[in-house]
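Read the structure below first, then the notes.
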Amino acid sequence: MDESKLKILTGAQSLFLRYGFKSITMDDISRELGISKKTLYQYFTDKNDLVNQAVENHLSEEKAFCLELDVTEKDPIAYLLAISNKFSSEEKYINPAVLFELKKYFKEAWDKVEQYRKEFIYEQVLTNLQQGKSKSLYRKELKEKIIALHYVHMIQFMVNPENYYKEERNFNVVHREMMSYHLHGILTEKGLKQLDKLLNQPQ
């Protein structure tokens with residue numbers, strides 16, 4: 001990808017996540033990124049196009065992180081903790097209304113997010129469950145496909161701001177609780193000991 005375009009996408013992503021998709025205009029993006037509107041429109045036909053490509057880029061970054069972790073991290077529990085730490089740290093900077101606005105006003109981009117969850121995240125969770133069972137870290141009686149589907153639905157619940165009271169709209173806290181719920185539902189005694197070891201090892 002063109003370096004200038006990537007810089008615009010990265011900057012736009014940051015602005016969208018902080019201030020929302022609806023309120024930020026092309027003028028705002030041009031001003032905040034210190035580029036001319038002419039330059040902006042060289043790469044994007046309109047705001048809708050920018051939103052679509054920004055979402056695609058964000059999902060590509062998430063996917064690349066997960067795939068790299070697939071190669072480097074062989075412990076299924078450590079893999080889940082790494083994923084949780086990565087996305088929880090990012091979620092601290094997300095305006096809770098962002099995903100609601102994306103769903104309401106930018107259907108094409110929202111559909112990309114939904115497809116990513118239903119396909120890529122589902123397959124990642126399914127593979128993790130199979131690996132964990134093979135190492136006796138996860139309960140052998142688990143129905144992997146059902147649990148993987150349940151995990152995807154938990155994410156869909158988590159990112160919908162309508163599901164929380166105002167004081168609970170902290171994605172970082174909600175995600176951490178969701179991951180704790182998931183792990184304690186699937187771990188064996190061996191897995192629980194491994195989780196405790198990982199959580200208490202020196203950083």
Side-chain angles (χ1 to χ4, degrees), residues 1-70 82-125 151-164 166 168-176 178-179:
M1 183 186 296
D2 181 284
E3 187 176 337
S4 297
K5 181 178 181 179
L6 181 59
K7 184 177 180 180
I8 295 172
L9 282 174
T10 303
Q13 285 170 215
S14 178
L15 292 171
F16 287 142
L17 292 178
R18 276 187 290 164
Y19 303 113
F21 288 95
K22 188 172 184 292
S23 61
I24 290 291
T25 66
M26 295 294 266
D27 284 331
D28 294 329
I29 293 169
S30 173
R31 182 174 59 256
E32 290 292 329
L33 300 185
I35 59 175
S36 67
K37 287 183 66 177
K38 180 180 179 181
T39 299
L40 191 57
Y41 282 106
Q42 282 180 351
Y43 295 104
F44 309 99
T45 56
D46 53 25
K47 181 181 172 181
N48 191 65
D49 183 35
L50 176 56
V51 169
N52 284 334
Q53 293 196 49
V55 167
E56 286 178 353
N57 188 61
H58 180 73
L59 295 178
S60 293
E61 290 173 346
E62 284 194 1
K63 188 174 183 178
F65 175 82
C66 293
L67 293 177
E68 182 178 352
L69 200 58
D70 283 341
I83 293 289
S84 180
N85 289 336
K86 159 79 170 173
F87 299 128
S88 290
S89 63
E90 291 180 350
E91 285 157 3
K92 289 187 294 186
Y93 305 102
I94 297 179
N95 180 333
V98 164
L99 292 172
F100 178 77
E101 289 185 0
L102 187 66
K103 181 179 181 180
K104 185 174 182 180
Y105 300 107
F106 300 93
K107 185 179 184 304
E108 184 179 349
W110 177 256
D111 287 345
K112 296 178 192 297
V113 175
E114 289 285 86
Q115 183 180 16
Y116 174 80
R117 289 186 196 134
K118 292 176 182 178
E119 295 178 6
F120 181 75
I121 292 183
Y122 172 83
E123 290 297 333
Q124 291 295 108
V125 175
Y151 186 91
V152 170
H153 282 298
M154 284 199 297
I155 292 178
Q156 291 172 327
F157 181 93
M158 179 186 74
V159 300
N160 187 344
E162 294 180 326
N163 291 328
Y164 305 101
K166 184 176 180 180
E168 294 175 333
R169 291 181 183 177
N170 184 321
F171 287 159
N172 189 20
V173 173
V174 175
H175 191 201
R176 186 173 64 243
M178 186 196 83
M179 185 60 72

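We're numbering straight along the sequence, starting at 1.
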Is the shortest heavy-atom distance from the side chain of L9 to the side chain of Y43 under 4.5 Å?
-> no
Do E3 and K7 pass the side chain to side chain contact (heavy atoms under 4.5 Å, CB included) test, and can you show the C-alpha distance, the side-chain angles, and the key distance before you say yes or no?
-> CA-CA 6 Å; E3 187 176 337; K7 184 177 180 180; 5.8 Å; no
Shortest non-hydrogen contact from R117 to V152?
-> O-CG2, 3.6 Å
Can you measure from CZ (F44) to OG1 (T39) and round to the nearest 0.5 angstrom?
-> 11.5 Å
Step-by-step side chain to side chain contact (heavy atoms under 4.5 Å, CB included) determination, D70 to Q124 | CA-CA 9 Å; D70 283 341; Q124 291 295 108; 3.1 Å; yes
Could you grab the distance from atom CG of N85 to atom CE of M179, nearest 0.5 Å is fine?
-> 9.0 Å
What heavy-atom pair brings L33 and G11 nearest, and what distance separates the two atoms?
-> CD2-CA, 3.7 Å
Greater than 12 external heavy atoms within 6.0 Å of K47's NZ | yes
Would Q53 and D49 count as having a side-chain donor-acceptor pair, cut-off 3.5 Å?
-> yes
Would you verify whether the NZ or CZ of K22 falls within 45 degrees of the ring axis of Y105 while also being under 6.0 Å from that six-membered ring's centre?
-> yes
Kindly determine whether F16 and H58 satisfy side chain to side chain contact (heavy atoms under 4.5 Å, CB included), including the steps that lead there.
-> CA-CA 11 Å; F16 287 142; H58 180 73; over 6 Å; no
Answer whether the closest heavy-atom distance between the side chains of L102 and V113 falls below 4.5 Å.
-> yes
Q115 and D111 side chains, donor-acceptor separation under 3.5 Å = no
Output for pair (Y19 OH, I29 CD1), nearest 0.5 Å, gives 12.5 Å
Distance (rounded to the nearest 0.5 Å) between E56 CD and K112 NZ | 4.0 Å
Reported CD-to-CG distance for the pair Q13 and N57, which is rounded to 0.5 angstrom = 4.5 Å
N48 and F106, any side-chain heavy atoms less than 4.5 Å apart | yes
Would a distance-only check, ignoring hydrogens and angles, find a side-chain to backbone donor-acceptor pair under 3.5 Å from T10 to L6?
-> yes
Verdict with supporting geometry, D27 and R31, salt bridge (Lys or Arg N to Asp or Glu O under 4.0 Å) = CA-CA 6 Å; D27 284 331; R31 182 174 59 256; over 6 Å; no
Non-hydrogen atoms of S30 and S36 that approach each other most closely | OG-C, 3.5 Å
Heavy-atom side-chain contact between E114 and Q156 under 4.5 Å | yes
Which pair of non-hydrogen atoms, one from S23 and one from D28, has the smallest distance, and what is that distance?
-> O-OD2, 3.6 Å
Using the side chain to side chain contact (heavy atoms under 4.5 Å, CB included) rule, take K5 and Q42 through it: C-alpha gap first, then chi angles, then the decisive distance, then the call.
-> CA-CA 9 Å; K5 181 178 181 179; Q42 282 180 351; over 6 Å; no
Between CG of L40 and OG1 of T45, what distance do you get to the nearest 0.5 Å?
-> 10.5 Å
